[in-house]
Amino acid sequence: MEKYLTVSALSKYIKVKFDRDPYLQEVFIKGELSNYKRHSSGHHYFALKDNGAVIQAMMFSRDASRLTFTPKEGDSVLISGRVSTYESRGNYQLYVNHMQLDGIGLLYEKFEQLKKDFKDKGYFAAEHKKSLPKYPKHIAVLTASTGAAVQDIRTTLMNRYPLAEVTYISTLVQGKGAKEDIVKNINYADKIGADVIILGRGGGSIEDLWAFNESIVVEAIYSAETPIISAVGHETDTTLADYVADFRAPTPTGAAVLATPDVKELSSQILKSQEFMDHKINSLLKKHNQQLNQLIGYYIFNNPYMLVEQNVQRVDELHQKMKYLISGHMQEQRHIVQSLSQQLSSKLLIDKVKQHETTIINIENQMDRMIKYTISMKVSNFKGQLALLSSLSPTETLLRGYSITRHDDKIIRSIDDISIGDTVEIEMKDGKLESKVTQKNSTEV
């Protein structure tokens, strides 16, 4: 029996074979999207098909977050990724690292997305455009300090309108740091009292002109109080700076013509962008990529996410099962609530209320009897106390044959309180007597 493999062992063996195959680690495929779904985890699941075959594919959220367009059913796309297997189901699939629409470059896709975003914000609307002064006194020119662009502007401005003061601000128009330099110089030119700003450079590819598509450059042009003429590239070149600027000139020379009152046609063209830097950068990148590939030759280093991708996909499946379980539990609870609702009928409630009303009436009658009894007992006790009090009063004492003797309105309690010869008053039940003391006899032993 030892020669028989388990299904799991076979699936794992096949997956290792796929993952170690260098021809499957980076494949480039084009096809049509089918059955496209976005999971709540952010991962994308879909099929890629053509006229002859279909392959299942998935794109992890880390890679999907870099998409520059919204994929939809039927889109024709260019995809790069790797081929591996999903052990739980034993099928092979394509793990996508990058996806773009077929026939459209990455920068062009980004350009279109940025264009849509700024258009939706109203940055290109005509009501935000400022008018140019008819007779400008001060013109600020933002462009590279060398090249045909600045020379054409300088020559045109001198020939057409030498009365204007011109401030030339050397500006990076391409490469690293260009977008920051453009923004800094726009803000500076906006504060020096210029009547109009010319923002220009020579023509080139979309990569060469990309600094003028950067969001911070568009924001700076939109926020400037001084009218800005965009003169970026040739007439066929279009950047976001052209859309947001107050005016767009087909060339830097055209910008100089547009900024000054006397319009003239100029036939000179601007030199193309230098290609040496692009070639040098590409050579360095190729060299460093070769060094990197030597260091990470082991297949697992090509994509460390392979260590966790199986579990990530399993989490998505468990998440879906959990949703079904929660839904079933909620349905069961609804049945319980409905059953309890049926048991709580209106008749039972009415009977309960009547029963409590009867109990309340009985309690009220009982309380009434107790109150009457308590009052009766209190009255009897009060009469007894009143009789006792009356028996102790001086009047009652006099009625029993006793008398009260006073001297100088003070009751005499002892023979020591009076002297022989004093006149005393004796109060009896039916009157008073006055008597003179002639003798005192003590009863003390």
Side-chain angles (χ1 to χ4, degrees), residues 1-69 71-103 106 285-286 288-322:
M1 297 296 290
E2 294 181 357
K3 67 180 180 179
Y4 292 94
L5 294 174
T6 64
V7 175
S8 297
L10 179 60
S11 294
K12 187 178 294 292
Y13 177 79
I14 294 173
K15 183 178 187 307
V16 171
K17 284 292 187 181
F18 271 74
D19 292 342
R20 287 182 174 177
D21 190 333
Y23 296 104
L24 298 179
Q25 296 311 298
E26 188 175 16
V27 295
F28 299 89
I29 304 176
K30 66 178 180 177
E32 181 180 318
L33 296 180
S34 176
N35 197 24
Y36 205 96
K37 296 178 181 178
R38 296 170 182 82
H39 194 272
S40 58
S41 62
H43 307 319
H44 293 206
Y45 296 90
F46 55 94
L48 193 67
K49 67 179 183 178
D50 58 16
N51 293 332
V54 177
I55 182 174
Q56 296 300 316
M58 78 163 295
M59 193 174 195
F60 289 107
S61 59
R62 65 176 184 268
D63 300 313
S65 64
R66 296 194 295 268
L67 287 171
T68 58
F69 70 103
K72 62 182 182 298
E73 195 82 10
D75 278 347
S76 180
V77 295
L78 301 177
I79 282 178
S80 64
R82 63 184 182 83
V83 180
S84 186
T85 67
Y86 182 45
E87 294 180 38
S88 296
R89 289 198 295 265
N91 62 332
Y92 78 94
Q93 62 186 25
L94 180 65
Y95 290 88
V96 179
N97 298 326
H98 175 76
M99 178 165 56
Q100 68 184 64
L101 291 173
D102 190 4
L106 292 177
L285 287 175
K286 184 176 180 181
H288 289 301
N289 281 333
Q290 290 174 349
Q291 294 175 349
L292 183 61
N293 290 332
Q294 293 175 357
L295 294 174
I296 58 174
Y298 185 54
Y299 80 95
I300 198 66
F301 291 155
N302 289 327
N303 189 350
Y305 288 103
M306 287 192 298
L307 297 172
V308 298
E309 63 189 16
Q310 298 288 317
N311 291 330
V312 170
Q313 197 164 352
R314 179 63 177 161
V315 166
D316 290 343
E317 293 179 350
L318 292 175
H319 179 267
Q320 195 67 25
K321 290 181 180 179
M322 186 180 296

Q: If I take atom CG from residue Asp316 and atom CZ from residue Phe60, how far apart are they, to the nearest 0.5 angstrom?
A: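 Output value for this atom pair is 8.5 Å.
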Q: Ignoring hydrogens and angles, tell me if any N or O in the side chain of Gln320 forms a donor-acceptor pair with the backbone of Val315 under 3.5 Å.
A: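 Checking the backbone N and O of Val315 against the side chain of Gln320, no donor-acceptor pair under 3.5 Å is found.
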Q: I want to check something: taking the side chain as every heavy atom from C-beta on, are Arg82 and Ser84 in contact at a cut-off of under 4.5 Å?
A: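 Yes; the side chains approach each other to less than 4.5 Å.
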Q: Would you say the side-chain atoms of Asp21 pair up with the backbone N or O of Lys17, donor to acceptor, closer than 3.5 Å?
A: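 Answer holds: no.
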Q: I need the Ile79 CD1 to Asn97 CG distance, nearest 0.5 Å.
A: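 Reported value, rounded in 0.5 Å steps: 10.5 Å.
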Q: Crowded around Glu26 CD? As in, over 12 foreign heavy atoms under 6.0 Å?
A: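 Atom CD in Glu26 is not crowded, with 12 or fewer foreign heavy atoms closer than 6.0 Å.
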Q: A quick test of your reading: do over 12 heavy atoms of other residues, nucleotides or ligands sit less than 6.0 Å from CZ of Phe18?
A: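 Above 12, so yes.
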Q: Could you measure the distance from the CZ atom of Phe46 to the CD atom of Gln56? Nearest 0.5 Å is fine.
A: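 These two atoms lie 9.5 Å from each other.
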Q: If I take atom NE2 from residue His288 and atom CD from residue Gln290, how far apart are they, to the nearest 0.5 angstrom?
A: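 Separation between the atoms: 11.0 Å.
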Q: Could you check whether any side-chain heavy atom of Val77 comes within less than 4.5 Å of a side-chain heavy atom of Leu48, counting everything from C-beta outward?
A: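 Contact flag for Val77/Leu48 side chains = yes.
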Q: Quick one: pull up CD in Glu73 and NZ in Lys37 and give me the separation to the nearest 0.5 Å.
A: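 That separation rounds to 10.0 Å.
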Q: Heavy atoms only: give me the nearest Ser41-Ser61 pair and the separation to one decimal.
A: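 In this case the closest contact between Ser41 and Ser61 is O-CB, 4.1 Å.
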Q: Would you tell me whether Tyr36 and Asp75 have side-chain atoms, one donor and one acceptor, within less than 3.5 Å of each other?
A: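 Judged by distance alone, the side chains do not pair up.
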Q: What distance do Leu10 atom CG and Glu87 atom CD have between them, rounded to the nearest 0.5 Å?
A: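 Reported value, rounded in 0.5 Å steps: 10.5 Å.
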Q: Against His44, only a single residue in Val96, Leu67, Asp63 fulfils side-chain contact (heavy atoms from CB on, under 4.5 Å); can you say which?
A: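 It is Leu67; the other options fail the test.
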